[in-house]
Structure formats: structure tokens, C-alpha cells
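Presented below is the structure to which this report refers.
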Amino acid sequence: MRPSIFRSVQSAVARNSPRRSYSTHSVPERKVAVLGAAGGIGQPLALLMKLNPLVSRLALYDIAGTPGVAADVGHINTRSEVSGYMGEEQLGKALEGSDVVIIPAGVPRKPGMTRDDLFNINAGIVKSLCTAIAKYCPNALVNMISNPVNSTVPIAAEVFKKAGTYNEKRLFGVTTLDVVRAKTFYAGKGNVNVAEVNVPVVGGHAGITILPLFSQATPKANFSDEDIKALTKRTQDGGTEVVEAKAGKGSATLSMAYAGAMFADACLKGLNGVPDVVECSFVQSTVTELPFFASKVRLGKNGVEEVLELGPLSDYEKENLESLKPELLASIEKGIKFANQS
Ligand SMILES: NC(=O)c1ccc[n+]([C@@H]2O[C@H](COP(=O)([O-])OP(=O)(O)OC[C@H]3O[C@@H](n4cnc5c(N)ncnc54)[C@H](O)[C@@H]3O)[C@@H](O)[C@H]2O)c1
Ligand SMILES: O=C(O)C[C@H](O)C(=O)O
């Protein structure tokens, strides 16, 4: 869970003849599609994926604005070929042959809203995009960013089940931003080097369902129970902190693009056979009694290689784990119901 994307980005930028360098190396061809690529997350995410030397083709899809984003990003002298696709009739072409599909399509929160308030609009968007994924690239790893993640991931699973393409190893809710925040806040409060910090974050991706496991954080810092409570609350409210600071202009976009690019990079490394790639993600799970749950996941050539157990929890974390379950289960069930009734 180290920010290896920086190393990837630095080495990509350092190369002036990327195509020549890659034609002589055994880096596999990998196509990545970004759905919602003209949005607040989509644009910086497109930039970061263009800087990733593991990507050979980058497909940027949105309902509007992608020709401009693709022309702009496409001028960067890194490995991947960039194509822009706009409107539903071009969605199939955007998806065909994709190894990884990243979905930041949909509306963001405004102050006073919960992520669940986005359900009515985003559930339909995710459902139609996943229907197309099942048709055009059923074997792709799907990285779901669109909120509410606690419901959109179960929606995607149901859509894929109906299409007969569901493989639980290939569907991921992107919770990396919770880990990114937990690391930043922990390092800031503990005055330790942020680059060395690791904090697993489990559960889901909304309010109290976000459960950072600071008892397992490394390197160890000497925090009081009150400090841990404050760090936990700040991590859980990180999204709201940004929504309020943006005052009606949306939610986290830049930190999310960073987190989304990190997670996609981990998926690509796993696909390419890099060993010991472990990230937290909201996946189908038996780690608790809930059908989906975020925890550490080992990534490999088929997507999820192993969903890791939670490990030892403090009493405070045990309590929080029990408290989050009803809300998380309700969000999961809401997604499943939506996918099966509409
Ligand atoms: N998982 C996370 O940690 C996390 C973090 C931040 C934001 N988000 C979520 O990501 C989503 C996007 O946020 P944003 O700030 O980029 O919003 P945005 O409004 O800036 O961008 C969304 C983009 O989606 C596009 N879009 C809408 N319908 C589409 C469709 N049917 N097909 C393809 N594209 C479509 C829009 O045209 C727009 O360009 C929101 O739901 C937000 O809550 C999740
Ligand atoms: O808070 C939001 O609505 C966006 C996102 O889920 C986040 O955590 O920043």
C-alpha cells in the first residue's frame, strides 16, 4: 500500500521515447477505460492514467466533453494511445478490449447531502454502464468510484449476474481515498513520515461504515483513546470536509483521482503478475456476515486473489464494526433491490 504510482509516473515522465522503450520491454498491452472521463474526477484521473507506463490504450468516455479531454491528454508524450468517446452509441467502442474499467460517472454531493442522496440518479447511470460492460468487456476488472459505493457495487454485481458474466474476483468498490486520508491524518497527528504510514480501512464507504483500523497502523505512534476517536471521526467525515469546503461546487476530485489512479495501478500490477499487491477495497466477502465488505485484498492475474481477514481489532474498533453493519447491509440490500426491480 505504498504510493508506488509516483515511481511509475516519474519513470514515465523521465522517458522521452516511450513507444520505443516499451517495444523492447515485456510490459503487456493493457487497455484502461474511464467512464465519466470529462468530470471533476475523470479529467485528472485521465491525466494520471496517461502518466502510467502500464497503460498502452486509454479510452475516455463521457456523455459530453470527451473529445476535448482526449485531445488534450493525448498530447502528453507517454506510452498510451488516447481515444475519446462521446455518447451512448460510442460506449461499446470505448469498452471493447478493456482490461480495467474505472467508473467515476455520476453526480457528486452538495453540502447537507449524504452519499445515499445520490442513489436515485447514480444507480441508473451505473446500471446502464454495467450493462454495457457485461456486453463489451465482460472480463474487465471494474473499479467503481460512483457513489453511493455501498450500493453501486451490489448494483453492478446484480447486473453482471443477470447477464451471466459475474465474477466476484473482478468487481471492486474503490475505497482507496479512505486509506489515503487515514494515512495523511495519522501521519499529521503522529508527526511521522507519511510515506511510511500504512492504515487498513475496512467496512464500506459512507460515514460510520468507514472503519479505519488505527490499532493496526504502522509505524506505531503513541495516541490516546481520544486521539484515535478524533482520527477515526475525521477519516469518516473526510468526504464531507471536502464537500463543505467546496461549498456547493462538488466533492473530492483531485485526491480521488490520485486514489483512483493508485488503485487502478495496483489492479494493473496484479494483472501483470507482480506479487504481493495488497490494497483495501469493497468486494464480495465472507470476512463478516455481510455479502460485500471492504478489507485488504490481494490482487493478482484474475483480479482478487485473496480477501484478507480483518486481523486483531481493538475494543473500540470491535464496537464500531458492530455498529456499522446494519447501515452497510441496508445500503447493500437497497442496491440489490434496485437492480432486480427496474
Ligand atoms: N469512491 C470515492 O471515494 C469517491 C470519491 C469522490 C467522488 N466520488 C463519486 O464520484 C462520482 C463523480 O464525481 P465527480 O466529482 O467527478 O462528478 P462530476 O459531476 O464532476 O463528473 C461526473 C461525470 O459523469 C458524467 N456522466 C454522467 N452520466 C454519465 C453516463 N451515463 N455515462 C458516462 N458519464 C456520465 C458527467 O457528464 C460528468 O462528466 C460521484 O458520484 C461522487 O460522489 C466517489
Ligand atoms: O464525500 C463524497 O461525497 C465523495 C467521496 O465519497 C469522498 O469520500 O470524498
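Residues: numbered from 1 along the sequence shown.
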(message) Hydrophobic clusters here meaning ILVMFWY residues chained together by side-chain heavy-atom distances under 4.5 Å, can you tell me if Val159 and Ile125 are in one?
(response) yes

(request) Answer yes or no: is there an ion pair linking Lys269 with Asp265, defined by an N-O contact shorter than 4.0 Å? (result) yes

(request) Check whether more than 12 heavy atoms from other residues, nucleotides or ligands sit under 6.0 Å from atom CG of Asn193, and answer yes or no. (result) yes

(request) Give, for atom NE2 of His205 and atom SG of Cys280, the distance between the pair rounded to the nearest 0.5 Å. (result) 13.5 Å

(message) Show the nearest heavy-atom pair for residues Leu141 and Gly303, with the distance to one decimal.
(response) CD2-CA, 3.8 Å

(request) Could you tell me whether Glu96 and Arg57 have a side-chain N and a carboxylate O separated by less than 4.0 Å? (result) no

(message) So does Ile210 get a backbone contact from the side chain of Gln236, meaning a donor-acceptor N/O pair under 3.5 Å?
(response) yes

(request) Over all heavy atoms of both residues, which pair between Ala123 and Ile155 is shortest? Give the atoms and the distance, please. (result) CB-CD1, 3.5 Å

(request) For residues Val153 and Gly173, report the shortest heavy-atom separation together with the two atoms involved. (result) CG2-CA, 3.4 Å

(message) Test of understanding: with side chain to side chain donor-acceptor pair (under 3.5 Å), list the residues that count as partners of Lys325, not counting sequence neighbours.
(response) Glu289, Glu322

(message) Using every non-hydrogen atom in the two residues, find where Pro44 and Gly39 come nearest and quote the distance to one decimal.
(response) CD-O, 4.3 Å

(request) Apply the salt bridge (Lys or Arg N to Asp or Glu O under 4.0 Å) test between Glu241 and each candidate in Arg109, Arg234, Arg181; give the one that qualifies. (result) Arg234

(request) Can you measure from CG (Leu58) to CD (Glu81) and round to the nearest 0.5 angstrom? (result) 10.5 Å

(request) List the atom of Leu118, the atom of Val107, and the distance in Å for their closest heavy-atom pair. (result) CD1-O, 3.5 Å

(request) Grab the two heavy atoms, one from Leu171 and one from Ala156, that are nearest each other, plus how far apart they are. (result) CD1-CB, 3.9 Å

(message) Just so I know, are the side chains of Val304 and Glu306 near enough to count as touching, which here means a heavy-atom distance under 4.5 Å?
(response) no

(request) Indicate yes or no: does Glu305 engage Arg298 in a salt bridge with an N to O separation below 4.0 Å. (result) no

(request) Determine yes or no for a side-chain-to-main-chain donor-acceptor pair under 3.5 angstrom, with Glu333 supplying the side chain and Ala330 the backbone. (result) no

(message) Is there a continuous path of hydrophobic side-chain contacts, each under 4.5 Å between heavy atoms, that joins Val307 to Leu299?
(response) yes

(request) Kindly write out the residues that satisfy side chain to side chain donor-acceptor pair (under 3.5 Å) with Gln284, not counting sequence neighbours, or none if the list is empty. (result) Tyr166

(request) Examine the side chains of Asp178 and Thr235 and answer whether a donor and an acceptor come within less than 3.5 Å of each other. (result) no

(message) What I'd like to find out is whether the side chain of Lys189 reaches to under 4.5 Å of the side chain of Phe223, using heavy atoms alone.
(response) yes

(request) Taking Ser98 for its side chain and Val100 for its backbone only, find out whether a donor-acceptor pair lies under 3.5 Å. (result) no

(request) Kindly compute the distance separating CG (Leu129) from CG (Asn122), expressed to the nearest 0.5 Å. (result) 10.0 Å

(request) Kindly say whether Val283 contributes a backbone atom to a donor-acceptor pair with the side chain of Ser281 at under 3.5 angstrom? (result) no

(request) Using atom types as modelled and distance alone, determine if a side-chain donor or acceptor of Ser80 lies under 3.5 Å from a backbone N or O of Val82. (result) no

(message) Is the shortest side-chain heavy-atom distance between Ile102 and Ile145 below 4.5 Å?
(response) yes

(request) State whether Glu279 and Lys296 are salt-bridged, where the test is any N-O pair (Lys NZ or Arg NE/NH1/NH2 against Asp/Glu carboxylate O) under 4.0 Å. (result) no

(message) Using the rule given for salt bridge (charged side-chain N to carboxylate O under 4.0 Å, His left out), can you reason through Arg79 versus Glu29, listing the C-alpha separation, both sets of side-chain angles and the distance that settles it, and then say yes or no?
(response) CA-CA 10 Å; Arg79 181 191 185 197; Glu29 302 282 310; 3.7 Å; yes

(request) Check ring pair (Phe, Tyr, Trp, His ring centres under 6.0 Å) between Tyr61 and all other residues, then give those that pass, not counting sequence neighbours. (result) none

(request) Determine yes or no for a side-chain-to-main-chain donor-acceptor pair under 3.5 angstrom, with Lys31 supplying the side chain and Ala94 the backbone. (result) yes

(request) State the CG-CG distance between Asn320 and Leu313, to the nearest 0.5 angstrom. (result) 10.0 Å

(message) To the nearest 0.5 Å, what is the distance between CG on Leu177 and CE on Met262?
(response) 10.5 Å

(request) Enter the distance from Ile133:CD1 to Phe160:CZ here, rounded to the nearest 0.5 Å. (result) 4.5 Å

(request) Report yes or no: does Lys162 contribute a side-chain atom to a donor-acceptor pair with the main-chain N or O of Ala339 at less than 3.5 Å? (result) yes

(request) Verify the cluster assignment for Val202 and Val287: are they in a single hydrophobic cluster under the rule of side-chain heavy atoms below 4.5 Å apart? (result) yes

(request) Group every Ile, Leu, Val, Met, Phe, Trp and Tyr by side-chain heavy-atom contacts under 4.5 Å, then state whether Val179 and Val194 land in the same group. (result) no

(request) Without swapping roles, check the side chain of Lys220 against the backbone of Ser215 for a donor-acceptor pair under 3.5 Å. (result) yes

(message) For Asn302, is there any backbone N or O sitting under 3.5 Å from a side-chain donor or acceptor partner on Lys169?
(response) no

(message) If the threshold is 4.0 Å, N to carboxylate O, is there a salt bridge linking Asp99 and Arg30?
(response) yes

(request) Could you pull out all residues at least two apart from Ser224 that satisfy side chain to side chain contact (heavy atoms under 4.5 Å, CB included)? (result) Glu226, Asp227

(message) According to ring pair (Phe, Tyr, Trp, His ring centres under 6.0 Å), who are the partners of Phe185, at least two apart in sequence or on a separate chain?
(response) none

(request) Let me see the working for Lys246 and Thr253 under side chain to side chain donor-acceptor pair (under 3.5 Å), right down to the final yes or no. (result) CA-CA 11 Å; Lys246 290 198 174 180; Thr253 53; 3.1 Å; yes

(request) With sequence neighbours left out, write down each residue that passes side chain to side chain donor-acceptor pair (under 3.5 Å) with Lys233, or none if nothing qualifies. (result) Asp237

(request) Check for a donor-acceptor pair, side chain of Asn52 on one end and backbone N or O of Leu54 on the other, with a separation under 3.5 Å. (result) yes

(request) Establish, for the pair Lys334 and Phe119, whether the NZ or CZ atom is under 6.0 angstrom from the six-membered ring centre and no further than 45 degrees off its axis. (result) yes

(request) State yes or no: do Ile208 and Tyr316 share one hydrophobic cluster built from I, L, V, M, F, W and Y residues joined by side-chain heavy-atom distances below 4.5 Å, directly or via other members? (result) no

